[in-house]
Number of protein chains: 2
Amino acid sequence: MENRKNQEAKHPIQVAARRSGLSPDVIRVWERRYQAISPTRSGTNRRLYNDEDIERLLLLSQVTAAGRRIGDVAGLDMEQLREMVWEDRSAEVRLPAPVRVDAGSLPARHLSYCIKAVSELDGETLESSLNHARAALAPIVLMEQVMMPLMHLIGERWYTGSMRAAEEHMTTPIVRATLWSLKNSHRAEDNAPELLVATPAGQRHELGALMAAVVAASDGWRVTYLGSDLPATEIAAAAVTRNVSAIALSVTYPSDDPAIGGELNILTGTVPAVVLVGGVASAAYRDGIRRAGAIEVPTTAVLRAELRKLRASSGRPGNGALHG
Amino acid sequence: MENRKNQEAKHPIQVAARRSGLSPDVIRVWERRYQAISPTRSGTNRRLYNDEDIERLLLLSQVTAAGRRIGDVAGLDMEQLREMVWEDRSAEVRLPAPVRVDAGSLPARHLSYCIKAVSELDGETLESSLNHARAALAPIVLMEQVMMPLMHLIGERWYTGSMRAAEEHMTTPIVRATLWSLKNSHRAEDNAPELLVATPAGQRHELGALMAAVVAASDGWRVTYLGSDLPATEIAAAAVTRNVSAIALSVTYPSDDPAIGGELNILTGTVPAVVLVGGVASAAYRDGIRRAGAIEVPTTAVLRAELRKLRASSGRPGNGALHG
DNA sequence: ATAATATTGACAAATTATATACAAGCTTGT
DNA sequence: ACAAGCTTGTATATAATTTGTCAATATTAT
């Protein structure tokens, strides 16, 4: 689907405009003044763009949105433009911080109650155990030292055969509901920065994404939560609609197929927002993440740090990239 | 859906207009000017469209709505049109269409607030709208006249291209959380009958299952909720562990593969519990349900009736007066 | 008979192309 | 710092083209 660019397909200027985010006027004037593209013409003199023309327009709209002048970049070839987009993105990329794990006794006690309830398929008790833990522990501790070990342990026992899938299926909605109410216990202020949280296509486990949502909400962000298994084009569209300054993705399946990289490229290529990627499998995609100009966020602590950095430097860099 | 195209069925132009969203005038002029379709004629010269003609008209209306000119695309074949629709939908970054709703009854008014919030991807407002509706309406009314129409409408608009998948993905977790808290607002008594609620393997939409859980919980059942996409063997194992007297399943995808029937047979064959099957696609599995000895539950009202019958026949005596 | 459909012709609205103008934001030179 | 000039997106005007809608008339359906 990706290398299948159909060079024959000719698109009218309206389609080129919608896909690139530029207005037809700008497309025409870029052609006239700088020969930025050279569409063919129909029998009645209408401009016809092929897929490469449109990709070029998209690249040009990105580099100009990054502050460059159209007159300076109109003559560059595709490869130079692509490289320039990457450079502009990776200017924001920073290296992640180390990780730390702790095994305390109080969280461990709560965890053991939860495990007991799970092994008896007792949803009611699991729910009240989690609520007790929630009252006794800080949200981060609850998530990192109760919920995450709980899910991990269930998965492990399922793998070794001492637990069934049913246990995991009973636990997930309950943990999910607890996370949701945790997230909702924070009310975003009117001028709060906007964050999109989702799980890319093919990734169906959403607890990691919900934890990211909780972290962000507790840090004052307004979070739009899009759940799991959403194609990059949809995430991009939502990001434009909400005009978010950052997107957080959670990945849990490591995959031999580097499609996640392709999805990431779509995102970083079409949306003027910082893309953060976390989840237990994020390390497996490290190269793709870096290449796409996204930021790897291995832990909730790093996520929080990156969010704070973003908020501090929030000059709203890509504010006018796409006009309405 | 796919092999069910009846090539014999001939529809008058009014039907073609309704289904494609085009006016009869436009359909005729597209035929006259561009030979976009070639309907057969009746003995008295009326145009007669078959299902493929109508699908073609629908595709053409979609690609023109995406900015293409009818003169450019009228000659393409079905496959090219389908691909074009797909490409346009995924390449476009903006939200397609406006919304309009009419306010009538009380539930309809709540629904219209929800729809507005959804179309603006405003999760916060959607959530508070649902909470208002929850406070103002009975749970059954909330589910059947607000939540279900809302999800249905979103699906419909996604199908016609005026909404994106992102809207649905934002809405589902919020509706789900509301249902969950609805379910948790009922506390089961110690001697309450036990019910298992899940979605069989391959069925990933869990909202219907959650509604069943709410109905049962509000009727005094202790509900163990197992979420979505769970193989029958797992459901059976959980049913034995919890010693439930009934299992409620929700199916939303109709499938040519009668595997659901096989799954049902596993359940009814291994577990001494009544199996109830509901959900928007339950009618499609009617034969398999009946053959497996399960009960089809087309509506929440029927579900409630069946649950009460079960409780009256096998439940504890002296527990009859819970509520009316 | 009233309503719907078919045919033809015409027309208005929308889109497009081209050229020109203009305003806001920069460089640059002093 | 300030003015002049350049850059760049947007707006206007005009002509050509495309496209949706309407009107008039004849035929058919209910």
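Values in this document were obtained by computation on a predicted structure and should not be read as measured data. By convention in this document, chain letters (A, B, ...) are assigned in the order of the sequence lines, proteins followed by strands, and residues within each chain are numbered from 1.
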Exercise for the section: Check whether any side-chain N or O of A/Glu306 sits under 3.5 Å from a backbone N or O of A/Leu303 as a donor-acceptor pair, and report yes or no. Expected result: no
Exercise for the section: Using only side-chain N and O atoms of B/Arg68, determine if any of them is under 4.0 Å from OP1 or OP2 of D/dT18. Expected result: no
Exercise for the section: Write down the distance between CD1 (B/Ile13) and C1' (C/dA6), rounded to a whole number of angstrom. Expected result: 9 Å
Exercise for the section: Output yes when at least one side-chain N/O atom of A/Thr44 is less than 4.0 Å from OP1 or OP2 of D/dA16, else no. Expected result: no
Completion exercise
Assert: residue with more 5' nearest nucleotide on DNA chain D, out of B/Asp72 and A/Tyr34, is A/Tyr34
Exercise for the section: May I have the distance from A/Ile27 (atom CD1) to C/dT18 (atom C1'), rounded to whole angstrom? Expected result: 16 Å
Practice task
Using atom CD1 of B/Ile37 as one end and atom C1' of C/dA6 as the other, report the distance to the nearest whole Å.
Solution key: 14 Å
Handout entry: Closest to the B/Arg47 side chain, choosing from D/dG20, C/dT18, C/dT7
Key = C/dT7
Problem - Passing candidate, side-chain hydrogen bond (donor to acceptor under 3.5 Å, both in side chains) with A/Ser218, options A/His186, A/Lys183, A/Arg304 - result: A/Arg304
Handout entry: side-chain N/O A/Trp30 vs D/dT8 OP1/OP2, d < 4.0 Å
Key = no
Problem - Donor-acceptor pair under 3.5 Å, A/Arg69 side chain vs C/dG25 base - result: no
Practice task
Output the single nucleotide from C/dT15, C/dA10, D/dG9 whose closest atom is nearest the side chain of A/Ile70.
Solution key: D/dG9
Problem - Residue pair A/Leu249 / A/Leu264: nearest heavy atoms and the distance that separates them - result: CD1-CD2, 3.8 Å
Completion exercise
In whole angstroms, the gap separating P of C/dA3 from CD of B/Gln14 amounts to 14 Å
Exercise for the section: Let me know the distance between CG of A/Leu22 and C1' of D/dT8, rounded to the nearest Å. Expected result: 13 Å
Exercise for the section: With the side chain of A/Asn45 defined as its heavy atoms from C-beta on, choose the nearest nucleotide among C/dA21, D/dT21, C/dA17. Expected result: C/dA17
Exercise for the section: Please tell me which of B/Pro24 and A/Pro12 maps to the more 5' nucleotide of DNA chain C, matching each residue to the nucleotide holding its nearest heavy atom. Expected result: B/Pro24
Problem - Between C/dT8 (P) and B/Asp25 (CG): distance, integer Å - result: 15 Å
Practice task
Give the rounded distance in Å between these two atoms: CZ of B/Arg41 and C1' of D/dT28.
Solution key: 13 Å
Practice task
Round to a whole Å and report the spacing from CZ of A/Arg28 to P of D/dA16.
Solution key: 17 Å
Exercise for the section: Return the nearest nucleotide to the side chain of A/Val26; candidates are D/dT10, C/dT27, D/dT21. Expected result: D/dT10
Problem - Residue of the set A/Val302, A/Val215, A/Val275 for which side-chain contact (heavy atoms from CB on, under 4.5 Å) holds with A/Val297 - result: A/Val302
Completion exercise
Comparing A/Arg46 with A/Thr64, nearest DNA chain D nucleotide closer to 5' gives the residue A/Thr64
Handout entry: Atom CZ of A/Arg41: over 12 foreign heavy atoms under 6.0 Å
Key = yes
